[in-house]
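Read the structure below first, then the notes.
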Amino acid sequence: MGKFFMLGSIFGAIGVVLGAYGAHGGLRLLELHQTMITFEKAARYNMYHALALLAVAWALEKWPGQKKILNAAGWALAAGIVLFSGSLYVHALTGFSFGYITPAGGVAFIAGWVLMALAARKAKDHSSR
């Protein structure tokens, strides 16, 4: 389970810490409604994909024959957290916009989910033989 379980756990903790920080008024900088929405979205997607990384770690144990695809899925999800959620956190806190970095993170999330589905499909095909 190793690296993706660890990454999912770390990103999960970061999501909780930053989400709580924003939700409990720790960020006086986030008084504008739109900025609050941006920050909340970053924390929400951070958490969803931290959990997805835990699923990748589980899948690596369940389907060791799909290691290559699942590793790619895990790294895509981790990249998505850094690019998507990270850029939104920075934008909410500083006003700095990264342009195409945020959507690139979204594409990485999509790739991670598609790769997870592919691994599940291939594992199912191998188990039914």
Side-chain angles (χ1 to χ4, degrees):
M1 282 199 188
K3 63 185 166 271
F4 295 118
F5 197 90
M6 181 185 67
L7 276 173
S9 300
I10 290 167
F11 282 131
I14 289 168
V16 171
V17 168
L18 291 175
Y21 186 61
H24 293 289
L27 294 175
R28 301 275 181 233
L29 302 171
L30 298 181
E31 292 179 4
L32 297 172
H33 182 69
Q34 188 58 45
T35 304
M36 290 286 290
I37 291 169
T38 299
F39 194 84
E40 195 278 333
K41 183 182 289 185
R44 185 174 62 244
Y45 276 74
N46 186 153
M47 286 303 298
Y48 292 158
H49 293 90
L51 295 173
L53 280 168
L54 297 178
V56 169
W58 171 83
L60 279 164
E61 290 290 316
K62 182 164 177 60
W63 305 314
Q66 303 309 312
K67 183 177 181 179
K68 187 175 181 178
I69 295 171
L70 289 167
N71 276 318
W75 289 119
L77 292 167
I81 292 170
V82 171
L83 297 173
F84 184 87
S85 294
S87 66
L88 289 181
Y89 287 135
V90 170
H91 179 66
L93 293 169
T94 69
F96 181 78
S97 179
F98 286 94
Y100 292 106
I101 298 296
T102 307
V107 171
F109 283 151
I110 294 165
W113 287 107
V114 168
L115 288 164
M116 287 173 65
L118 181 62
R121 173 62 189 244
K122 286 188 165 211
K124 181 181 180 280
D125 289 347
H126 284 86
S127 69
S128 63
R129 290 182 185 176

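All of these numbers come straight from a predicted model, not from anything done at the bench. The analysis underlying the following values was restricted to heavy atoms, covering all of them including side chains, and did not include hydrogens, waters or symmetry mates.
Contact check for Asn71 versus Lys68: no side-chain heavy atoms found under the 4.5 Å cut-off. Residues Leu53 and His49 are not in side-chain contact: their nearest non-hydrogen atoms beyond the backbone lie 4.5 Å or more apart. Residues Met116 and Ile69 have side chains not in contact (no heavy-atom distance under 4.5 Å, counting atoms from C-beta outward). Looking at Tyr45 and Leu88, their side chains never come closer than 4.5 Å, going by heavy atoms from C-beta outward. You'll find the side chain of Phe84 stays beyond 4.5 Å of the side chain of Tyr89, heavy atoms only.
Trp75 and Leu118 fall into different hydrophobic clusters, defined by Ile, Leu, Val, Met, Phe, Trp and Tyr side-chain heavy atoms under 4.5 Å apart, directly or through other members. Note on Val107 and Phe98: separate hydrophobic clusters, where clusters join Ile, Leu, Val, Met, Phe, Trp and Tyr whose side-chain heavy atoms are under 4.5 Å apart, directly or indirectly. The cluster map of Ile, Leu, Val, Met, Phe, Trp and Tyr, joined by side-chain heavy atoms under 4.5 Å apart, puts Leu93 and Val82 in the same cluster.
Interatomic distance, CG of Leu83 versus CD1 of Ile101, reported as 6.0 Å (0.5 Å rounding). Lys67 NZ to Glu61 CD: the interatomic distance, rounded to the nearest 0.5 Å, is 10.5 Å. We find the CD1-CG distance between Ile110 and Leu115 to be 12.0 Å, quoted to the nearest 0.5 Å. Going from atom CZ of Phe109 over to atom OG of Ser85 covers 4.5 Å, rounded to the nearest 0.5 Å. Between the NZ atom of Lys41 and the OG1 atom of Thr102 there is a distance of 10.0 Å, given to the nearest 0.5 Å.
Aromatic rings of His91 and Phe96 (six-membered ring for Trp) have centroids beyond the 6.0 Å cut-off, not under it.
Arg121 CZ: 12 or fewer foreign heavy atoms inside a 6.0 Å radius.
The minimum heavy-atom distance between Val56 and Leu70, with the atom names listed, is CG1-O, 3.4 Å.
In this structure, Asn46 contributes its side chain and Phe11 its backbone to a donor-acceptor pair below 3.5 Å.
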